[in-house]
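In what follows, a single structure is set out as structure tokens and then discussed.
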Amino acid sequence: PDDRWDSNWDQLSSSLTTVAGEGGHFEMSGLWLGSNQIEASHPGKTTLEQDLSLDTAGQHDAGDFVLATGGVISGRVIDGQGNPFGDIEVLARPQTLSGLHGGEDTVLRDLRVRMFSSGQREERTRTDDAGSFAFDILPPVSFDVFVAADGREPVVERGVTPGGSPLEFELVAEATILVTVVDARN
């Protein structure tokens, strides 16, 4: 690896990052002409991505970036007997992303990348010992919430909107069948 490239990349990436000052005002320099994407984030607020097209050099007013307070989706995962199911992965995917993938039950087991599309991204969390989970700082869009565990039937709740009632997922054991194959000639 070329150490000069790493050093230059560190300088480049830091020059394209800024922190808003008093009154929320910020200035970014070093942007290229053409299409740029600006991402604004703050703890407790949803992340906002905005496209900015720069046709000429000089100072440009990008307008206001309004960061919404994030919404919450929370709930509990239990087993077939009503006992809390701890340390289970829960996935909240904006419905606009859910159509990009195949089977519902394979998503949690096989997909290990974060998807980004129009500022929306899937979120993952794990249940605590009481089976409880919460996603916070979610944008105001509908989500599909998936829960799965080895040896259990996967469950999905579609069209969940942040700020609604807590969800409850029951993970029941997968069914097993036993088949005996015999030779029909006997």
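The figures here come from the full heavy-atom set of this structure, side chains too, leaving out hydrogens, waters and symmetry mates. The shown structure was predicted, so the numbers you read here are calculated from the model rather than taken from an experiment.
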Quick check for you: to the nearest 0.5 Å, what is the distance between [X] atom [atom1] and [Y] atom [atom2]?
X: F143; Y: I73; atom1: CZ; atom2: CD1; result: 5.5 Å
X: D87; Y: R126; atom1: CG; atom2: CZ; result: 4.5 Å
X: F133; Y: S74; atom1: CZ; atom2: OG; result: 7.0 Å

If I compare all heavy atoms of [X] with all of [Y], which pair ends up nearest, and what's the gap?
X: E174; Y: R152; result: OE2-O, 3.2 Å
X: F146; Y: R158; result: CZ-NH1, 4.5 Å
X: V141; Y: P94; result: CG2-CB, 4.3 Å

Quick one: side chains of residues 52-64, donor-acceptor pairs under 3.5 Å with protein atoms, not counting sequence neighbours, listed by atom name and distance.
residue	atom	partner	partner atom	Å
H60	NE2	T56	O	2.7
D61	OD1	G63	N	2.8

> Considering residues at least two apart in sequence or located in another chain, which fulfil the side chain to side chain contact (heavy atoms under 4.5 Å, CB included) criterion with T161?
Replying inline: S142

> Does V155 have any side chain to side chain contact (heavy atoms under 4.5 Å, CB included) partners at least two apart in sequence or in another chain, and if so, which?
Replying inline: F169, L171

>> Heavy-atom count check: over 12 atoms from other residues, nucleotides or ligands less than 6.0 Å from N83 CG?
In response: yes

>> If we check side chain to side chain contact (heavy atoms under 4.5 Å, CB included) with T127, which of these qualifies: I78, V147, I88?
In response: I88

> By the rule that ILVMFWY residues connect when side-chain heavy atoms come within less than 4.5 angstrom, directly or transitively, which residues belong alongside V179?
Replying inline: I177, V181

> What's in the same ILVMFWY side-chain cluster as V172, cut-off under 4.5 Å, chained through other members?
Replying inline: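 So far as hydrophobic clustering goes, V172 is joined with none.
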
> Taking only residues at least two apart or on different chains, which pairs with a member in residues 72-85 satisfy salt bridge (Lys or Arg N to Asp or Glu O under 4.0 Å)?
Replying inline: R76-E168

>> Taking salt bridge (Lys or Arg N to Asp or Glu O under 4.0 Å) as the definition, give me every residue that meets it alongside D136, ordered by chain and number, with sequence neighbours left out.
In response: none

> Excluding sequence neighbours, so at least two apart, what forms side-chain hydrogen bond (donor to acceptor under 3.5 Å, both in side chains) with D128?
Replying inline: none

